[in-house]
Amino acid sequence: MSLQFFDTRRRKKLPFTPLHDGKVGVYNCGPTIYDFAHIGNFRSYIFTDTLRRWLEVKGFDVLQVMNLTDVDDKTIRRSQEEKLPLNDYTARYREAFFADIDTLNIQRAHVYPEATTHIDVMVELVQNLLDSGNAYKAEDGSIYFSVSSFANYGTLSGKRLEDLRVGERVSSDEYESKDDVRDFALWKAYDEADGDVFWETPFGKGRPGWHLECSAMSTKYLGHDFDIHTGGVDLVFPHHENEIAQSLCGIGGDFAHWWLHNEHLIIEGRKMSKSLGNFYTLRDIIEMGYSPREIRYVLAATHYRSKLNFTFDGLKAARAAIERIDEFHASWATYPEGEAVPEATEAIERAEAGFFSAMDDDLNVSGALAHVFTLIREINALHHEGRATQGLLPQLTELWEKFDHALSLFNPFGEEAADPESERIDALVAERWQARADKNWARADEIRDQLAAEGIELKDGADGTRWKRK
RNA sequence: GGCGGCGUGGCCAAGUGGCUAAGGCGAAGGUCUGCAAAACCUUUAUUCGCCGGUUCGAAUCCGGCCGCCGCCUCCA
């Protein structure tokens with residue numbers, strides 16, 4: 001099967017071919033850096049990371065761009081509450097964001113453009129839209145995009161202008177100065193409440209509207225036509241719809257050719273919200289004692305277009321699944337010398353084919369994981385018979401690294417690797433090994449109990465004991 | 001009112017016309033082991049919300065019903 005993705009606009013899975021041979025440009029709607037990102041945000045970033053990683057495994061040269069929104073109503077308000085200049089305020093959360101994605105082993109995008117450092121390209125776009133007649137300056141001094149000037153408005157989300165329930169959910173006075181309540185702001189005129197946050201432009205003093213930055217920055221780094229644009233489902237309308245309208249009218253080209261959207265997650269079956277008390281940042285979950293890899297596993301293991309039920313039972317199940325993965329990986333070192341048996345080679349080849357076809361099918365991570373676990377079971381069964389040998393390791397290792405490149409779930413993350421007490425523990429384990437050789441079961445069990453009390457589990461093998469923190 | 005999604009074993013979760021309905025977790029029994037742990041083997045959905053229909057054949061397509069949910073406002 002060839003690589004295919006589900007495109008929101010065309011509403012079906014279609015074979016993916018990039019605009020330029022071997023190269024793929026991807027733009028991800030990123031965070032607004034006014035607070036710590038929550039666990040739902042990270043589902044999006046795990047999704048975009050998986051997309052980028054899979055494209056890389058498939059041999060594409062990927063250019064990934066993710067915006068950081070560093071100016072909007074909430075950001076301005078919060079910075080004022082803390083009496084900090086906007087940049088000082090956002091710096092704290094920009095730093096936290098990068099620390100968090102590093103924690104989850106999410107690869108860094110190649111470019112992280114920020115709104116406040118791209119005012120010039122946004123101003124140019126607004127000017128183009130004014131010149132082309134797609135935008136107008138309202139009485140309040142703000143610049144609005146005229147939705148009715150763009151015949152194809154609504155093609156991404158499947159909404160028709162006449163169906164929109166205008167004014168029903170937002171007080172109408174907010175829209176007093178617009179020609180049409182469905183028009184959206186490109187440029188917001190300066191208001192005293194904005195304090196010192198404003199830019200002087202040919203069309204007035206103010207700040208950019210929300211949708212503008214993504215059109216301006218994506219095309220600046222990826223071109224007027226680029227391959228893939230991603231975001232959460234909530235962004236389909238109006239954010240992405242508006243991006244399309246302003247880009248097509250003010251920049252030209254076809255803008256993004258593929259639109260991929262990830263579903264949200266729910267927590268223990270309920271929508272995540274602060275009022276329900278089930279709102280978690282990544283840091284909250286880490287503090288509860290779950291490892292980054294366990295969290296990544298849970299966030300990755302449900303297909304990105306399905307609602308993910310994030311539960312603590314699920315995190316525990318992920319812990320057990322990862323232990324199985326790590327046990328398998330660790331057991332390679334105990335394989336005896338010898339050529340690979342045909343069953344082993346065949347199992348590895350089946351796993352590779354299955355994993356690739358699942359991932360090629362719109363990033364079916366659950367399906368891909370099933371093939372990994374089947375491989376683990378089959379090779380373990382051979383190992384049980386003494387027929388898993390060193391000879392199969394080159395092929396297995398190569399495939400394992402591909403798996404890990406794609407999903408980053410199969411090798412320990414950096415901070416898991418080293419244990420500060422390994423020397424002391426190794427010494428106790430060695431002493432116990434000797435005690436067992438002397439058939440001094442009392443001493444052997446005493447050491448095992450002592451380590452168990454510290455949360456360290458021992459596994460005796462034929463030629464040594466391995467240990468692990470639970 | 002408009003548009004759209006979902007309902008698969010105890011839990012999580014693939015599969016969307018046809019081999020025995022993936023896989024993980026959990027549970028039960030067994031093998032191995034000084035005892036454990038891990039590993040291995042076996043068992044755990046004659047059935048995919050319910051009722052009809054289309055078809056040689058449906059969890060997969062169509063219709064109806066029940067239940068849950070999303071978007072139409074900021075939001076991953």
Side-chain angles (χ1 to χ4, degrees), chain A residues 8 11 28-32 37-48 72-74 154 157-160 162-171 174-175 181-182 184 210 230-239 241 261-266 269-272 297-298 301-311 313-328 330-331 334 354 358 361 364-374 376-377 379-385 436 439-442 444-445 448-449 452 457-462 465-468 470:
Chain A
T8 303
R11 288 170 180 70
N28 314 124
C29 273
T32 301
H38 59 69
I39 196 70
N41 296 123
F42 290 106
R43 184 188 192 192
S44 283
Y45 309 137
I46 293 285
F47 156 60
T48 60
D72 80 332
D73 292 350
K74 268 186 276 194
S157 58
K159 294 187 189 307
R160 295 180 305 169
E162 56 270 32
D163 291 339
L164 300 182
R165 298 184 97 171
V166 296
E168 279 204 24
R169 296 175 68 187
V170 181
S171 64
E174 208 172 302
Y175 293 120
V181 293
R182 297 164 300 197
F184 59 90
W210 174 41
T230 74
V233 282
D234 53 299
L235 299 181
V236 174
F237 189 91
H239 183 53
E241 201 71 75
H261 292 98
N262 63 276
E263 249 300 347
H264 287 182
L265 59 70
I266 54 178
R270 311 186 70 183
K271 187 168 179 169
M272 177 168 69
Y297 188 101
V298 170
T302 296
H303 187 92
Y304 75 90
R305 284 190 291 110
S306 300
K307 263 193 200 62
L308 184 160
N309 187 12
F310 188 91
T311 66
D313 278 352
L315 282 166
K316 291 181 189 107
R319 172 166 302 178
I322 286 170
E323 276 174 20
R324 181 164 168 77
I325 288 166
D326 287 347
E327 283 295 334
F328 172 65
S331 73
T334 69
D361 182 13
N364 182 352
V365 174
S366 330
L369 283 172
H371 291 285
V372 176
F373 284 107
T374 299
I376 289 174
R377 192 184 63 243
I379 299 291
N380 273 340
L382 288 171
H383 182 42
H384 189 70
E385 297 168 359
R436 290 181 71 225
K439 298 202 187 296
N440 181 357
W441 309 128
D445 290 349
R448 185 168 64 196
D449 292 344
E457 186 179 74
L458 303 183
K459 300 169 208 297
D460 295 329
T465 296
R466 286 180 295 111
W467 59 269
K468 180 180 64 181
K470 284 294 276 185

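Computation of the quantities below employed the complete heavy-atom set of this structure, encompassing side-chain atoms and omitting hydrogens, waters and symmetry-equivalent molecules. Since we're looking at a predicted model, the values are computed, not measured. So you know, we letter chains A, B, ... as the sequences are listed, proteins then strands, and number each from 1.
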Problem - Backbone N/O of A:Thr230 and side chain of A:Asn28: donor-acceptor pair under 3.5 Å - result: no
Practice task
Take nucleotides 10-17 of chain B nucleotide by nucleotide from the 5' end and write B, S or -, depending on whether a protein heavy atom sits under 4.0 Å from the base, only from the sugar-phosphate, or from neither.
Solution key: --SSSS--
Just compare [options] and give me whichever is closest to any side-chain atom of [X].
X: A:Phe237; options: B:rG26, B:rC71, B:rA76; value: B:rC71
X: A:Phe373; options: B:rG23, B:rC25, B:rA76; value: B:rG23
X: A:Asn41; options: B:rG24, B:rC40, B:rA76; value: B:rA76
X: A:Ala444; options: B:rG34, B:rC25, B:rA76; value: B:rG34
X: A:Arg377; options: B:rC40, B:rC71, B:rG34; value: B:rC40

Exercise for the section: Using a cut-off of 6.0 Å, state whether more than 12 heavy atoms not belonging to A:Arg11 lie near its atom CZ. Expected result: yes
Counting any heavy atom closer than 4.0 Å, what does [X] reach on the DNA or RNA strands: base, sugar-phosphate only, or nothing?
X: A:Thr374; result: sugar-phosphate
X: A:Ala370; result: base
X: A:Ile266; result: nothing
X: A:Pro238; result: sugar-phosphate

Applying the Watson-Crick and G-U wobble criteria at under 3.5 Å, what pairs with [N]? Answer none if nothing qualifies.
N: B:rU44; value: B:rG26
N: B:rC3; value: B:rG70
N: B:rC32; value: none
N: B:rC61; value: B:rG53
N: B:rA21; value: none

Exercise for the section: May I ask you to verify if any side-chain N or O of A:Asn380 is less than 4.0 angstrom from the OP1 or OP2 atom of B:rC40? Expected result: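 Result: yes.
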Handout entry: Short side-chain N/O contact from A:Arg305 to OP1 or OP2 of B:rC6, under 4.0 Å
Key =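 A:Arg305 to B:rC6 OP1/OP2: no side-chain N or O under 4.0 Å.
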Got [X] and [Y] here, is their nearest side-chain heavy-atom distance under 4.5 Å?
X: A:Arg43; Y: A:Glu263; value: yes
X: A:Asp445; Y: A:Arg448; value: yes
X: A:Arg466; Y: A:Glu327; value: yes
X: A:Glu385; Y: A:Leu382; value: yes
X: A:Glu457; Y: A:Trp467; value: no

Say we look at [N] and [M]: how far apart would their [atom1] atoms be, to the nearest angstrom?
N: B:rC66; M: B:rC50; atom1: P; answer: 15 Å
N: B:rG9; M: B:rG24; atom1: C1'; answer: 13 Å
N: B:rA13; M: B:rG17; atom1: P; answer: 22 Å
N: B:rG67; M: B:rA37; atom1: P; answer: 48 Å
N: B:rG7; M: B:rC65; atom1: C1'; answer: 14 Å
N: B:rG57; M: B:rG18; atom1: C1'; answer: 6 Å
N: B:rA21; M: B:rU43; atom1: P; answer: 14 Å
N: B:rA28; M: B:rC69; atom1: P; answer: 35 Å

Check [X] against [Y] and note the closest heavy-atom contact, atom names and distance.
X: A:Ala368; Y: A:Ala358; value: N-CB, 3.5 Å
X: A:His303; Y: A:Asn364; value: ND1-CA, 3.9 Å
X: A:Ala301; Y: A:Ser366; value: O-OG, 2.8 Å

Exercise for the section: Could you check A:Leu458 against A:Gly30 and say which one's nearest nucleotide on RNA chain B is further toward the 5' end? Expected result: A:Leu458
Once you round it to whole Å, what is the distance between [atom2] of [N] and [atom1] of [X]?
X: A:Lys459; N: B:rA38; atom1: NZ; atom2: P; result: 6 Å
X: A:Ile325; N: B:rA38; atom1: CD1; atom2: P; result: 16 Å
X: A:His371; N: B:rG23; atom1: NE2; atom2: C1'; result: 9 Å
X: A:Leu235; N: B:rC72; atom1: CG; atom2: C1'; result: 14 Å
X: A:Lys439; N: B:rU33; atom1: NZ; atom2: P; result: 12 Å
X: A:Phe328; N: B:rC40; atom1: CZ; atom2: C1'; result: 14 Å
X: A:Asp445; N: B:rA37; atom1: CG; atom2: P; result: 13 Å
X: A:Glu263; N: B:rG70; atom1: CD; atom2: P; result: 10 Å

Looking at the base of [N], is there any donor atom on it, or on the side chain of [X], that sits under 3.5 Å from an acceptor on the other one?
X: A:Arg324; N: B:rG24; value: no
X: A:Arg43; N: B:rA76; value: no
X: A:Lys316; N: B:rC25; value: no
X: A:Arg448; N: B:rC35; value: yes

Handout entry: Parallel, tilted or perpendicular: ring planes of A:Phe373 versus A:Tyr297, cut at 30 and 60 degrees
Key = perpendicular
Practice task
Using the aromatic ring of A:Tyr45 (for Trp, its six-membered ring), decide whether it stacks on the base of B:rA76 within the limits of 5.5 Å and 30°.
Solution key: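 Given the distance and angle limits, no, they do not stack.
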Check nucleotides 27-32 of chain B against the protein and report each pair of N or O atoms closer than 3.5 Å, with its distance, or say if there are none.
none

Exercise for the section: Answer yes if the side chains of A:Asn41 and A:His38 hold a donor-acceptor pair under 3.5 Å, and no otherwise. Expected result: yes
Practice task
Identify which one of A:Leu265, A:Val298, A:Leu308 satisfies the side chain to side chain contact (heavy atoms under 4.5 Å, CB included) criterion when paired with A:Ile39.
Solution key: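 Result for side chain to side chain contact (heavy atoms under 4.5 Å, CB included) with A:Ile39: A:Leu265.
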